[in-house]
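Just so it is clear: chains get the letters A, B, ... in the order the sequence lines come, proteins before strands, and each one is counted from 1.
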Protein chains: 2
Amino acid sequence: MARWQPGTRERLQETALQLFGTQGYDATTVAEIARDAQVTERTFFRHFADKREVLFAGQSDFLGLFTHPIEQAPADAAPFELVRGALLASGDFFDAEKRPFSRARQAVIDQNPALQERELGKLATLKIHLGALLVARGVTEPTATIAAETAVTLFHLSFQQWIAADEDRSFRAVATERLAALQDFVHPTR
Amino acid sequence: MARWQPGTRERLQETALQLFGTQGYDATTVAEIARDAQVTERTFFRHFADKREVLFAGQSDFLGLFTHPIEQAPADAAPFELVRGALLASGDFFDAEKRPFSRARQAVIDQNPALQERELGKLATLKIHLGALLVARGVTEPTATIAAETAVTLFHLSFQQWIAADEDRSFRAVATERLAALQDFVHPTR
DNA sequence: GTCTATAGTGCGATAGAC
DNA sequence: GTCTATCGCACTATAGAC
């Protein structure tokens, strides 16, 4: 008999999301999650640095989705085109099938300020990576940082709208709308 | 003899910043701050919801600085002009005299991810207030949210540069540079 | 895998301001 | 008398140290 079951990490994440959804985040203890997932509290904290992290671990795979199109772009591409390309490409990850899960996860996050702060922290990490990538491509400051901030902000706003209750358009369609709104905001056509 | 001295809140904030600066945030306990400020631990938590908050409480006065110029602007002002006005006006608060204090406070925040997350949370609150204000002025979505996000992001980036070690220009000068960089990023002149 | 420090909560009692 | 700031203490959960 195996000493431990495979997929402990994933089991903890699923168990946590389900408990958070039914009981609320604060009302769910780490001990409870661990018990339901058949491990000890100590094991939970070996997989996740803190209680909040169980909801966010694993989405760093998604960093590559954002940076890959930028790395592949022609060397003379303008920063705004790099951002546009990365934003639209990131939408491929968020297909219709993932929308229910994303909504359930976000519903938990939206109910707890501490989780909202962690979400912002993760986005800030993405901004820093993206800014460094743009600098490596020769974009100068302060443009590189502004471009990175703008890209991640547009991603976040697009994502929020994509999972809104009454939204059924694709991520790409929502993101395109926000890109246009930014351009019109900065340089109004009339 | 009085049971309690006036200005407990401010005393706790000053004591905390000093201890954080010398010992580090994690190495300083709430009990220690309370002892130095001549109150009990319980009193600390009556003034501040959590340990981090002692570094952030009080800066909500600064919200008005941001929103006031927008409320005063002519009804037909374009969103970008509202943002520009608010950003430059907020700079009046950050005069040369405040720079050393701001640098000391930020040095503590920069050393601790939990404090960085709280800072992002505070900025997110400002974004929400600002977005609601723009909507109340008749700006439609998604432009209102994009304008609010952009305004607060430009503020944050300007502030970060303003307190950089080698920076001696005024907040206004730094912010103006970032406004120009955004415009050039979104619609390059060449 | 166990043990412990710290953060943070709940509640009743108390002291002074009004 | 009411209101508010403080104290004091018991308590739980997180998180890190050993």
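- Computed from coordinates, the Leu19(A) CG to dA13(D) P distance equals 15 Å when rounded to whole Å.
- Remark: Arg42(B), Phe45(B), Ala49(B), Asp50(B), Lys51(B) in residues 38-55 of chain B come within less than 4.0 Å of DNA chain C through at least one heavy atom.
- Counting heavy atoms from C-beta outward, Phe66(B) and His129(B) have side chains that stay 4.5 Å or more apart.
- OP1 or OP2 of dT14(D) has not a single side-chain nitrogen or oxygen of Thr29(A) nearer than 4.0 Å.
- In this entry the distance linking CD1 of Ile33(B) with P of dG8(C) reads 11 Å, nearest Å.
- Geometrically, Arg105(A) does not engage Phe20(A) in a cation-pi contact defined by less than 6.0 Å to the ring centre and at most 45° from the axis.
- Using a 4.5 Å heavy-atom threshold, the side chains of Arg84(A) and Gln183(A) count as touching.
- The CD-C1' distance, from Gln23(A) to dA13(D), rounds to 15 Å in whole Å.
- Note that Lys127(B) lies outside the cation-pi zone of Phe155(B), set by a 6.0 Å cut-off to the ring centre and a 45° limit from the axis.
- Here the two rings, on Phe159(A) and Phe94(A), have centers that are under 6.0 Å apart.
- Atom CG of Leu12(B) and atom C1' of dA7(C) are 16 Å apart (whole Å).
- Judged by a 6.0 Å distance limit and a 45° cone about the ring axis, Lys51(B) is not positioned over the six-membered ring of Phe45(B).
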